[in-house]
Trainee: 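Sending over a structure as structure tokens; questions will come in a sec.
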Protein chains: 2
Amino acid sequence: MTDAMNAGAVAFPTKRGRGEKSSPTIYDIAKLAGVNPSTVSRALSKPGRVSAKTQKIIEDAAEQLNYQVNPFARALPTGRTQTIGLIVADITNPTFFDIIRGAETTGSARDYTLVLAESAESPETELIAARRMLGTVDGLILASPRMDDEKIRALASDKPVAVINREIEGVPCVVPDVNKGISQAVRSLAANGHQQLAYVAGPPQSWMSSRRWEGVQTACDWYKVGAVRLESSKPTVDGGRQVARDVLASGATAVITYNDLLAIGLMQELQAAGMQVPDQISIVGFDDIFGADFTTPALTTIRSPLGECGSRAAALLLDMLLGHDGPAGPVRVDTELVVRGSSGRLIA
Amino acid sequence: MTDAMNAGAVAFPTKRGRGEKSSPTIYDIAKLAGVNPSTVSRALSKPGRVSAKTQKIIEDAAEQLNYQVNPFARALPTGRTQTIGLIVADITNPTFFDIIRGAETTGSARDYTLVLAESAESPETELIAARRMLGTVDGLILASPRMDDEKIRALASDKPVAVINREIEGVPCVVPDVNKGISQAVRSLAANGHQQLAYVAGPPQSWMSSRRWEGVQTACDWYKVGAVRLESSKPTVDGGRQVARDVLASGATAVITYNDLLAIGLMQELQAAGMQVPDQISIVGFDDIFGADFTTPALTTIRSPLGECGSRAAALLLDMLLGHDGPAGPVRVDTELVVRGSSGRLIA
DNA sequence: TTGTAGGCGTTATCAG
DNA sequence: CTGATAACGCCTACAA
């Protein structure tokens, strides 16, 4: 850690106190255009309520003065801020990167700014952050929320809220439909000669982990493949490494994990133990996070369109902001199997 | 894409129009506490200017009413919003993930909310986003900005601005000091028998890429290693793949790349061509992004503390917001070599 | 179509 | 130490 010398420090920008020259207001424009401030306000917010002529005059004046609305002044009477909030459980987790990206992209496409916060996996922190945000934003996206359904409903009754990766009755949700992807995966595995499969589960409280396990069971029933569930200590690369011995002990020749991180750790450990992937054991991850194709062999995984989730959730919110009702049931987005090198025919 | 049925749609939250019951204000508290609204304001903002007794009364009343300040109303007279803005060139780029995380973390630790925007690598978009944000936030962080020094200085003269990954005279900057890490890398490579090294450069406009190439040259001079510079088409995995033939043609037995993505792509391509890493060629990346250790062998890389950069930039900003001057020169953070499997002794 | 006036919730100034 | 009162910049009935 080098620290900077302290000579000739950068000066703090000139403060704009009460009486000083500040950014131009609608009053300045009004003066320049020779009209009343309220006319300026109308011209600049709803381009219909003013004559074409004065409209132009005002717009020119605004341009000339390089005018920008003061969002706070506008928010005060209207309550709208042109921002949407996003709370993620863990900024550290790559799964959320895509969600953030998706939300930011479709938000900014509609001229909304994204405000970000993290709950650090704590329901309490999450609630606090949510409450604080709710005051500042027009709508809120909760990605994999940890707090009670009840609390979420309460928030949703205040301002539009959209939830990702969890279904909550009465609240707009965007949820990947895992069945399709899982079904594809199990079919592919079965076709490659696998008859015994293990599912490495995620955190017990995870709504999604349960859904995925159910999906695996259903698909395995259908394709006549045996399925066992294994527990992981944590849904990380490390957790994946740790579960390797259980996988081996289970006798399964194919594994589907709760997420890609687990799959990557598992594969690393298995390979370190001398196993050939996929010749001796096939590994299928979940989500298709950034980096899933960095491994050797590249990871086969069930892609969960996280970016789309973020994007859809934002779109949902913006629609509600336009006054539309939210969707009746959860919005489901498809998952799909992405076959790469870590799964294949069993060479036995 | 499944879409939801539209029966029993989630209703839009009750709007809070003009006259309806809204959240409690300091007037409500004042009434309940039997004091003047201005006293409430004082008690709640600066806990010094009011008698201990009334202070308590007011706090209790606020508690009871579940009062929360209206950020907009507060921002109007003061101009402060308790938010900092962060503009990144590309949300897609994992390099920025850590920066975002760092900024959010230290920001929220000091009760500041992070507002995020992306410039999509366009100087124009960046400037627009910056301008828009500057109206809404207390300070702004520019990560790897693409616009002119001049424009940035202009922004910085308006509100506190901190820049990451670039040095701009007169503007607070946080920049990884690449020399230490590069020096460690070249020394390690030299010690392992490498005598000819290639540097795969990043985008021509990248300030950082030039710095890194300079660092490589200096270190190679010192350790008596030959150095050639190779160009990449783009700083991605794909770009890394494409540069593989040039690397081979260069005769170098060790490579340092502008970033990890290039290194990963290069390694994949080299391995596909039958080269043994690191026996026949050593590869060293730059940054240590998420996933750098997913590869086989895991990538040796010069870690650039991106998270710390984000964190330091945020801290800088917050300090300036407290009225402190910015640092005199650029704040330098250390880089360090992280030795993993992709570099090692040359087996010739 | 445009001007007038009042208010949004808070802070800041000035008396008392 | 506390109470009145005027901004802050914009929006929106209401009146002209």
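The sequence lines fix the lettering, A, B, ..., with proteins before strands; numbering per chain opens at 1. Predicted, not measured: the structure shown is a model, and the values here were computed from it.
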Trainee: Whole angstroms only, please: what is the CG-P distance between A:Asn70 and C:dT10?
Mentor: 17 Å
Trainee: Return the set of residues passing side chain to side chain donor-acceptor pair (under 3.5 Å) with A:Thr54 (not counting sequence neighbours), or none when no residue passes.
Mentor: A:Ser51
Trainee: Return the value, rounded to whole Å, for the distance between atom CD of B:Gln82 and atom C1' of C:dT11.
Mentor: 15 Å
Trainee: For B:Ser108, give me all partners under side chain to side chain donor-acceptor pair (under 3.5 Å), at least two apart in sequence or on another chain.
Mentor: none
Trainee: Which whole-number value in Å describes the distance from B:Ile26 CD1 to D:dT2 P?
Mentor: 15 Å
Trainee: So, using side chain to side chain contact (heavy atoms under 4.5 Å, CB included) as the criterion, who are the partners of B:Thr95 when residues are at least two apart?
Mentor: B:Asn93, B:Asp287, B:Ile289, B:Leu306
Trainee: Let me know, please, whether B:Ser51 or B:Ala73 comes out on the 5' side of the other along DNA chain D by nearest nucleotide.
Mentor: B:Ser51
Trainee: CG of B:Leu76 versus P of C:dG9: gap in Å, rounded?
Mentor: 12 Å
Trainee: Please pick, from D:dT12, D:dC10, C:dT10, the nucleotide with the shortest atom-to-atom distance to any side-chain atom of A:Thr78.
Mentor: D:dT12
Trainee: Please state how far atom CD1 in B:Ile29 lies from atom P in D:dT2, giving the value in whole angstrom units.
Mentor: 16 Å
Trainee: Short of 4.0 Å, heavy atom to strand atom, which residues of residues 60-67 of chain A count as contacting DNA chain C?
Mentor: none
Trainee: The criterion is salt bridge (Lys or Arg N to Asp or Glu O under 4.0 Å); which residues satisfy it with B:Arg74, sequence neighbours excluded?
Mentor: none
Trainee: Among pairs that include at least one residue of residues 54-69 of chain B, which meet salt bridge (Lys or Arg N to Asp or Glu O under 4.0 Å), considering only residues two or more places apart or in two chains?
Mentor: B:Lys56-B:Asp60
Trainee: Quick one: pull up CD1 in B:Ile26 and CG in B:Leu65 and give me the separation to the nearest 0.5 Å.
Mentor: 12.5 Å
Trainee: Return each pair, listed once, that meets salt bridge (Lys or Arg N to Asp or Glu O under 4.0 Å) where at least one residue sits in residues 125-134 of chain B; pairs must be two or more places apart or across chains.
Mentor: A:Asp111-B:Arg132
Trainee: Mind running a 4.0 Å heavy-atom check of residues 30-45 of chain A against DNA chain C and sending the residues that fall below it, in number order?
Mentor: A:Val35, A:Asn36, A:Ser38, A:Thr39, A:Arg42
Trainee: In terms of side-chain heavy atoms of B:Thr54, which of D:dC10, C:dT10, D:dT2 is nearest?
Mentor: D:dT2
Trainee: Between A:Lys46 (NZ) and C:dT2 (P), how many Å, whole number?
Mentor: 17 Å
Trainee: Could I get the full list of salt bridge (Lys or Arg N to Asp or Glu O under 4.0 Å) partners for B:Glu124, not counting sequence neighbours?
Mentor: none
Trainee: Which angle, to the nearest 10 degrees, lies between the helix axes at the two ends of the helix from C:dT1-D:dA16 to C:dG16-D:dC1, each defined by five pairs?
Mentor: 40°
Trainee: Quick one: pull up CG in A:Asp138 and OG1 in A:Thr113 and give me the separation to the nearest 0.5 Å.
Mentor: 10.0 Å
Trainee: Name the nucleic acid region contacted by A:Phe72, choosing base, sugar-phosphate or nothing; use a 4.0 angstrom heavy-atom cut-off, strictly under.
Mentor: nothing
Trainee: What is the distance, to the nearest angstrom, from the CZ atom on B:Arg74 to the C1' atom on D:dC8?
Mentor: 14 Å
Trainee: Does any pair with a residue in residues 141-153 of chain B pass side chain to side chain donor-acceptor pair (under 3.5 Å), and if so which ones, sequence neighbours excluded?
Mentor: B:Glu121-B:Arg146, B:Ser144-B:Asn165, B:Asp148-B:Lys151, B:Asp149-B:Arg166, B:Glu150-B:Arg153
Trainee: Would you compute the distance between atom CZ of A:Phe96 and atom SG of A:Cys309 and round it to the nearest 0.5 angstrom?
Mentor: 11.0 Å
Trainee: Would you please name every residue forming a ring pair (Phe, Tyr, Trp, His ring centres under 6.0 Å) with A:Phe97, sequence neighbours left out?
Mentor: B:Phe97
Trainee: Within less than 4.0 Å of OP1 or OP2 of D:dC8, is there a side-chain N or O belonging to A:Thr25?
Mentor: no
Trainee: Could you give the CD-to-C1' distance, from A:Gln55 to C:dT1, as a whole number of Å?
Mentor: 12 Å
